A.B. asks: 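Quick one: the structure is below, and I'll ask about it shortly.
Fair warning: this is a prediction, and the values are worked out from it, not measured in the lab.
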Amino acid sequence: MSILLGALLTAAATALAVTAMLLVRRRAPEGSRFSDGDRASGVFGVVATGFSVLLGFIVFLAFQSYDEARSGAEEEARIVAQQIQTAQFLGADEGAELSGELVCYARSVVHQEWAAMASGTLGDAINPWGVRMFQTARDVVPASDTEQSAYDRWMDQTGEREQARLSRVHGAEGLIPVPLWLVLFVVSATIFVFLLFFADSAERRATQGLLMGSVTLVITLLLCLLAFFNHPHGNQVGKLQPTAMERTLVLIDLESQAAGVDLDPPCDEHGTAAGDAGERP
């Protein structure tokens, strides 16, 4: 959910709630519809406290998942840059091939996977360049101690990169299950109806509007925040973006030029395999 959409929903929900409260207030008796206001306030306090604790706990867990996805993206980008260096200590042909495939992997993350995560369509799809690198590394036969050490390091980094990718794509299709959303909306509606019974014709309209508006504003903001964390990837303000991997691509280009390494990625700028006509690898 974008910030603009969240602001519009919050403003609309608050305006509707205040309007409903003022309409009910016209025919409400003095002192509200409760004969014992203290007892009603106690019951409302129990309902509101239970809801706030539940909602706060869910927001905390959703933020943890958001932070895990962010950390995974940064870790994955860092490992890709390290694997470029490791590949240079393998055989000349194999190292050059793996380096090019790593660049294609990074490009596909930035231009293909991120869009799929933002739209929630990535699913269980794997990165095809990860498969290509596995096939290439499988045929590597280390010819020296240096190459053997680099090969072992490459395999370790591959496992770390795959684990970081899992953290990155976690939550791309939503973190909050539908039953939990239903519970949150039902309890929110219960609180709204409960507040309508506090309508008091003896109170000023501003006071009654503030009573309903403040509660509605807080609840709506928290629900919008939860919806924001539920889909952490996207192009909106605050959403996770492929900044770390884009930075890695720039660093790879600069470092390869400084070291005199000629990279020849077998793909275009968007990570599509060379020779594929309009088809993603």
A.B. asks: For Glu246, give me all partners under side chain to side chain contact (heavy atoms under 4.5 Å, CB included), at least two apart in sequence or on another chain.
C.D. replies: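 Glu246: side chain to side chain contact (heavy atoms under 4.5 Å, CB included) contacts with Val110, Pro242.
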
A.B. asks: Under 4.5 Å between side-chain heavy atoms, counting indirect links through other Ile/Leu/Val/Met/Phe/Trp/Tyr residues: same cluster for Ile252 and Met133 or not?
C.D. replies: yes

A.B. asks: So does Gly271 get a backbone contact from the side chain of Trp129, meaning a donor-acceptor N/O pair under 3.5 Å?
C.D. replies: yes

A.B. asks: Is Arg25 close enough and on-axis enough to Phe198, meaning under 6.0 Å and within 45°, for cation-pi?
C.D. replies: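 No, cation not above the ring by the 6.0 Å, 45° rule.
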
A.B. asks: Has Arg204 got more than 12 heavy atoms of other residues, nucleotides or ligands less than 6.0 Å from its CZ?
C.D. replies: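 12 or below, so no.
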
A.B. asks: Please name the residue in the list Glu74, Glu76, Glu75 that meets the side chain to side chain donor-acceptor pair (under 3.5 Å) test with Arg78.
C.D. replies: Glu75

A.B. asks: Taking everything shown except Gln135 itself, do over 12 heavy atoms lie less than 6.0 Å from its CD?
C.D. replies: yes

A.B. asks: Do Glu113 and Asn127 have side-chain N/O donor and acceptor atoms under 3.5 Å apart?
C.D. replies: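 There is such a pair (donor and acceptor under 3.5 Å, judged by atom type) between the side chains of Glu113 and Asn127.
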
A.B. asks: According to the interplanar angle, ranging from 0 to 90°, do the rings of Phe44 and Phe194 count as parallel (below 30°), tilted (30 to 60°) or perpendicular (above 60°)?
C.D. replies: tilted

A.B. asks: How about CG on Asp145, more than 12 heavy atoms from neighbouring residues, nucleotides or ligands closer than 6.0 Å, or not?
C.D. replies: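 Not buried by this count: 12 neighbours or fewer within 6.0 Å.
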
A.B. asks: Give the cluster check for Met155 versus Leu102: same hydrophobic cluster or not, with ILVMFWY residues linked at side-chain heavy-atom distances below 4.5 Å.
C.D. replies: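 Met155 and Leu102: one cluster.
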
A.B. asks: Can you tell if the side chain of Gln82 reaches within under 4.5 Å of the side chain of Arg153, non-hydrogen atoms only?
C.D. replies: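 Side-chain contact under 4.5 Å: yes.
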
A.B. asks: Do Leu55 and Leu223 make a side-chain contact, defined as non-hydrogen atoms from C-beta onward lying under 4.5 Å apart?
C.D. replies: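 In short, these two side chains touch, coming nearer than 4.5 Å.
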
